[in-house]
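Notes follow the structure.
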Amino acid sequence: EMGARGSEERDRAERKLAAAGDAAIPYLRQAVQHADPEVRKRALRILPGLEHARLVAPRRFNLKVADQPLESVLASLAKATGYRIDSNRPWGVAAPPGKVNPKARYTYDFKGATFWEMADRICRDAGLVVQPSYGDDVIRLHSSTAVPLFTGVSGYFRYASGNFQMYRNVDLSAADAATPPARTESLSFNFTLNAEPRLPILGSSEAQLEAAFDDQKKSMLPAPGQNEEGPMGNPWGGPVVTRRHGGSGQKQLVVNVSVPLGKASPEARALKLLRGTVPVTLLVEQRVLEVHGDIQKAGGKKRELEGIE
């Protein structure tokens with residue numbers, strides 16, 4: 001139908017395929033080779049988005065445990081998801097002040113839940129925090145007297161609040177009797193982003209901040225075009241992006257993100273809404289390619305593997 005004579009029919013067929021989701025992918029992969037250029041164009045317009053959505057869509061699991069110690073709960077979670085989970089929880093000793101006793105027993109009945117939906121609930125109940133990874137596929141949980149105040153799950157990823165950071169600077173290097181010292185301030189919000197071992201993060205780019213409001217409904221987005229104040233471009237103005245990003249190409253399950261904010265209203269006591277996007281590079285697939293069967297006999301020889309010499 002994407003090759004029909006009428007444009008309305010073609011548009012309707014394209015919308016129908018886009019709404020079909022995964023079921024449309026096999027058809028679209030054939031359609032990109034179609035003899036009709038109109039069919040090829042529309043298929044190529046839909047296919048990348050559907051393939052990307054399927055790639056990053058989190059898998060969903062069922063997990064039911066009844067009156068089990070935390071150690072058994074984590075073992076059941078690892079078995080259900082296939083992920084290795086390590087925890088340093090001292091099972092046989094008293095819990096940290098204010099936290100659940102390690103001898104406590106837990107009951108859960110998760111249905112169609114993502115890994116991070118289940119893990120986040122268990123971590124909050126048991127006083128566990130997610131630790132940085134070491135370039136492997138292990139999820140490490142650490143018992144702590146302090147856990148993130150705010151956490152959430154967005155599809156494949158989990159985010160956890162870190163802290164607000166206020167920077168104040170008084171420049172005494174260029175002051176005189178007629179010119180008071182210049183004063184600048186900056187405010188940023190820091191949080192962590194967690195991925196699943198199935199698609200680890202290789203790197204992250206500058207987070208794009210879309211909206212930020214305090215509890216007085218005043219925008220806390222940095223105003224653009226005001227970079228003249230403060231060292232290194234005061235985040236009270238300028239581009240609405242993070243001040244640091246990273247990724248050395250090593251597998252990571254935890255990424256730190258810092259977002260600059262503008263001034264809140266004087267009466268504000270909380271950040272009410274923060275919305276944006278953190279672009280990340282994910283490791284989708286790993287394969288072993290044999291360059292030569294006998295390295296001692298490979299001298300002076302060239303070989304092409306998947307278009308690479």
Side-chain angles (χ1 to χ4, degrees), residues 18 45-58 114-117 120 130 132-133 148-167 184-196 198-265 268 270-284:
R45 189 157 57 193
I46 305 170
L47 184 59
L50 293 181
E51 289 183 324
H52 177 268
R54 182 167 71 175
L55 175 67
V56 300
T114 68
F115 169 78
W116 281 119
E117 286 174 342
D120 185 62
V130 181
S133 59
L149 188 59
F150 301 102
T151 63
V153 176
S154 179
Y156 174 77
F157 302 96
R158 172 186 182 261
Y159 51 89
S161 59
N163 57 62
F164 286 102
Q165 187 174 48
M166 171 71 78
Y167 173 81
T184 57
E185 291 184 348
S186 65
L187 175 66
S188 61
F189 175 68
N190 305 309
F191 64 96
T192 58
L193 189 66
N194 305 130
E196 293 183 29
R198 184 174 66 91
L199 287 178
I201 299 173
L202 294 179
S204 60
S205 301
E206 297 174 338
Q208 306 299 315
L209 189 58
E210 300 171 6
F213 290 94
D214 61 24
D215 55 4
Q216 301 299 310
K217 299 183 179 181
K218 177 185 176 182
S219 174
M220 293 182 66
L221 287 177
Q226 297 180 5
N227 283 325
E228 68 277 6
E229 290 188 301
M232 301 177 62
N234 183 9
W236 294 116
V240 186
V241 296
T242 58
R243 288 181 293 137
R244 64 174 181 266
H245 55 94
S248 60
Q250 301 295 320
K251 293 195 300 184
Q252 305 171 77
L253 301 181
V254 181
V255 172
N256 296 315
V257 180
S258 178
V259 180
L261 297 171
K263 294 181 179 179
S265 58
L271 175 63
K272 195 69 173 178
L273 170 69
L274 184 67
R275 183 174 66 242
T277 303
V278 181
V280 294
T281 301
L282 302 176
L283 177 60
V284 176

request  = List for me each residue that meets salt bridge (Lys or Arg N to Asp or Glu O under 4.0 Å) alongside Arg45, sequence neighbours excluded, and say none if there are none.
outcome  = Glu14
query = For Phe164, which residues count as a ring-ring contact (aromatic ring centres under 6.0 Å, His included) partner, sequence neighbours excluded?
reply = Phe189
Determine all donor-acceptor pairs shorter than 3.5 Å in which one atom belongs to a side chain in residues 272-284; sequence neighbours excluded.
residue: Thr277; atom: OG1; partner: Glu210; partner atom: OE2; Å: 3.3

request  = Quick one: closest heavy-atom pair of Ala207 and Val257, and the distance?
outcome  = CB-CG1, 4.1 Å
inquiry  = To the closest 0.5 Å, what do you measure between CG (Asn163) and OG (Ser258)?
reply    = 8.5 Å
key: Non-hydrogen atoms of Tyr156 and Ala195 that approach each other most closely   = CE2-CB, 3.9 Å
request  = Would you indicate whether the side-chain heavy atoms of Trp116 and Val130 approach each other to under 4.5 Å?
outcome  = yes
remark   = In short, Val255 meets Ser204 closest at the heavy-atom pair CG1-OG, 3.5 Å
message = Nearest 0.5 Å, please: how far is CG in Asn194 from CZ in Phe157?
response = 10.0 Å
ask   = By side chain to side chain donor-acceptor pair (under 3.5 Å), which residues pair with Thr151, not counting sequence neighbours?
value = Asp120
remark   = Heavy-atom closest pair (Leu187 atom, Gly262 atom, distance to 0.1 Å) is CD2-O, 4.2 Å
inquiry  = Which heavy atom of Pro58 sits nearest to which heavy atom of Arg198, and what is that distance?
reply    = CA-NH2, 4.3 Å
inquiry  = Is the shortest side-chain heavy-atom distance between Leu261 and Leu209 below 4.5 Å?
reply    = yes
ask   = Under the side-chain hydrogen bond (donor to acceptor under 3.5 Å, both in side chains) rule, what pairs show up with a residue in residues 213-223, not counting sequence neighbours?
value = Asp214-Ser265
Counterpart residues, salt bridge (Lys or Arg N to Asp or Glu O under 4.0 Å), relative to Glu117 (two or more places apart) = Arg60
inquiry  = I need the Gln252 CD to Leu202 CG distance, nearest 0.5 Å.
reply    = 8.0 Å
